[in-house]
Amino acid sequence: MLTMMMKLPIMEELEKEESEIEKLPTDLLSHIFFLLSSFTDLAQASCVCKKWREGVKQSLGRRESLSFSGCKMDDDSTSRLVHLAFSLKELDISRSRWGCQITDTGLFEISMAKCIGKMTSISLWGMTGITDKGVVQLVSRATSLQHLNIGGTFITDESLVAIGNSCSHLKTIVLWSCRQVTEIGLLYLVNKCRKLKSINVWGTRVPVNCFIGLLTISPALQIKPTGLLPNAEAIPV
C-alpha cells in the first residue's frame, strides 16, 4: 500500500509532462521535426501519436532536399517519403556503402509524385537495379531538371533520347561508366539540350571523334575528364 502511495505522485508528474507535450501546436512540432536529418528518428516520432505523425508529415512537405545516400531504402519507403515532400527540388538516392535497393518500380512511383515537375536535381548514381524503362518514365515527368547523375548504371541511348526530349533545362549530366551508351545517344542529347554546360563521360566506350562532334554542336561544353581529347587544354574548364 505504501509503495502504491509513493508511485502516485510520480505517475501524476508523468501525466502532467505528457499533457504539456500534447499542448504543442502541430506547426511547432513540424518545425522541430524539420530540423531532424535522421529518417529513423522521424519514423519513430511519427509512431508516438496522431499529432506527432501529422507534424512529421508537414515537416516532410517543407523539405526542398532529400538524400537517402547511405540509407537502407527500398522502392516503397523511398517513394512514400518523396510523395510527402511536396516542395522537393533535390533528390539523392545514390548507392553508397549500404545501398539503396531502388528498381524501376520505385522510379515509376517517384515519377507520380506531385513534386516531380519541380525537381531540379536528381542523383541515381550506382543504381544498378534500374533500367531504361524506369529512367525514361522518371525524366519524362521531371521537365525542370537541371542536374542529373546516372553514372554507374546500365542505361542505354534510349534513356539519353528521353532526357533530350524532356529535359530542355538540363545543365549538367554525369554518365560515369555508362558503358551501354553510344555516340548516337550522346550526339542526340547534346543537340537537344542546348543549355548543357557539363557532361562527364568517364568510362564510356565511345570514340574520341564523338567528343569532337559534341564540341562542334556546343563549343562551350565542358567534357569531363578533360584528358579524353589530345588537345585537352582547348576544352573549357
Side-chain angles (χ1 to χ4, degrees), residues 64-70 88-96 100 102 107 110 116-128 130-132 134-237:
E64 294 188 354
S65 176
L66 284 178
S67 175
F68 302 122
S69 180
L88 191 63
K89 293 182 179 180
E90 300 178 357
L91 176 63
D92 181 1
I93 49 178
S94 304
R95 184 183 182 90
S96 58
C100 297
I102 307 299
L107 294 187
I110 291 172
I116 189 65
K118 304 175 185 177
M119 284 194 195
T120 58
S121 177
I122 297 177
S123 178
L124 304 173
W125 188 89
M127 292 285 98
T128 55
I130 64 175
T131 68
D132 288 322
V135 174
V136 170
Q137 171 66 23
L138 182 68
V139 299
S140 66
R141 297 178 63 87
T143 54
S144 298
L145 205 58
Q146 297 180 25
H147 309 283
L148 177 63
N149 186 342
I150 45 178
T153 65
F154 298 115
I155 58 107
T156 70
D157 288 347
E158 183 179 352
S159 289
L160 297 188
V161 170
I163 295 167
N165 290 337
S166 302
C167 306
S168 60
H169 302 287
L170 194 67
K171 295 180 179 179
T172 67
I173 186 169
V174 176
L175 299 169
W176 183 91
S177 199
C178 291
R179 300 185 177 184
Q180 306 302 317
V181 301
T182 70
E183 179 179 1
I184 296 174
L186 290 175
L187 289 172
Y188 186 89
L189 174 71
V190 173
N191 189 53
K192 296 288 285 188
C193 297
R194 290 296 182 164
K195 295 182 180 180
L196 193 63
K197 297 180 179 179
S198 173
I199 182 170
N200 188 323
V201 289
W202 186 93
T204 58
R205 295 175 175 175
V206 293
V208 172
N209 287 340
C210 171
F211 307 134
I212 297 175
L214 298 181
L215 291 175
T216 301
I217 298 172
S218 179
L221 181 66
Q222 296 181 15
I223 300 178
K224 301 178 180 180
T226 56
L228 289 173
L229 289 174
N231 56 338
E233 65 276 3
I235 303 175
V237 292

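These numbers come from the heavy atoms of this one structure, side chains and all, not from hydrogens, waters or symmetry mates. Keep in mind it's a predicted model, so treat the numbers as computed, not measured. When a residue number appears, it is its place in the shown sequence, counting from 1.
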Do [X] and [Y] have side chains that approach each other closer than 4.5 Å (heavy atoms only, starting at C-beta)?
| X | Y | value |
| --- | --- | --- |
| Trp202 | Val174 | no |
| Thr153 | Val135 | no |
| Asp92 | Trp125 | no |
| Phe154 | Thr131 | no |
| Glu158 | Val136 | yes |

Compare every heavy atom of [Y] with every heavy atom of [X], then report the nearest pair and how far apart it is.
| X | Y | answer |
| --- | --- | --- |
| Leu187 | Gly213 | CD2-C, 4.0 Å |
| Thr204 | Leu175 | CG2-O, 3.6 Å |
| Ser218 | Val190 | CB-CG1, 4.0 Å |
| Leu186 | Cys210 | CD1-SG, 3.9 Å |

Side chains of residues 165-172: which donor-acceptor partners sit under 3.5 Å, not counting sequence neighbours?
from   : atom 1 : to     : atom 2 : distance (Å)
Asn165 : OD1    : Tyr188 : OH     : 2.6
Asn165 : ND2    : Val161 : O      : 3.2
Ser166 : OG     : Ala162 : O      : 3.2
His169 : ND1    : Lys195 : NZ     : 3.2
Thr172 : OG1    : His147 : ND1    : 2.8

**Asked** Do side-chain atoms of Ser144 reach the backbone of Gly117 as a donor and acceptor pair under 3.5 angstrom?
**Response** yes
Indicate every side-chain donor-acceptor pair of residues 176-184 with a distance under 3.5 Å to a residue at least two apart or in another chain.
from   : atom 1 : to     : atom 2 : distance (Å)
Thr182 : OG1    : Asp157 : OD1    : 3.4
Thr182 : OG1    : Asp157 : OD2    : 2.2
Thr182 : OG1    : Ile184 : N      : 3.3

Sequence neighbours excluded, which residues qualify as side-chain hydrogen bond (donor to acceptor under 3.5 Å, both in side chains) partners of [X]?
| X | value |
| --- | --- |
| Ser159 | Asp132 |
| Arg141 | none |
| Thr120 | none |

Enter the distance from [X]:[atom1] to [Y]:[atom2] here, rounded to the nearest 0.5 Å.
| X | Y | atom1 | atom2 | result |
| --- | --- | --- | --- | --- |
| Gln146 | Ser121 | CD | OG | 9.0 Å |
| Ile199 | Leu214 | CD1 | CG | 6.0 Å |
| Leu196 | Ile217 | CG | CD1 | 10.5 Å |
| Leu189 | Ile163 | CG | CD1 | 6.0 Å |
| Met127 | Ile93 | CE | CD1 | 6.5 Å |

**Item:** Option among Asn149, Leu138, Ile150 that satisfies the side-chain contact (heavy atoms from CB on, under 4.5 Å) test with Ile122
**Value:**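 For Ile122, the side-chain contact (heavy atoms from CB on, under 4.5 Å) check succeeds only for Leu138.
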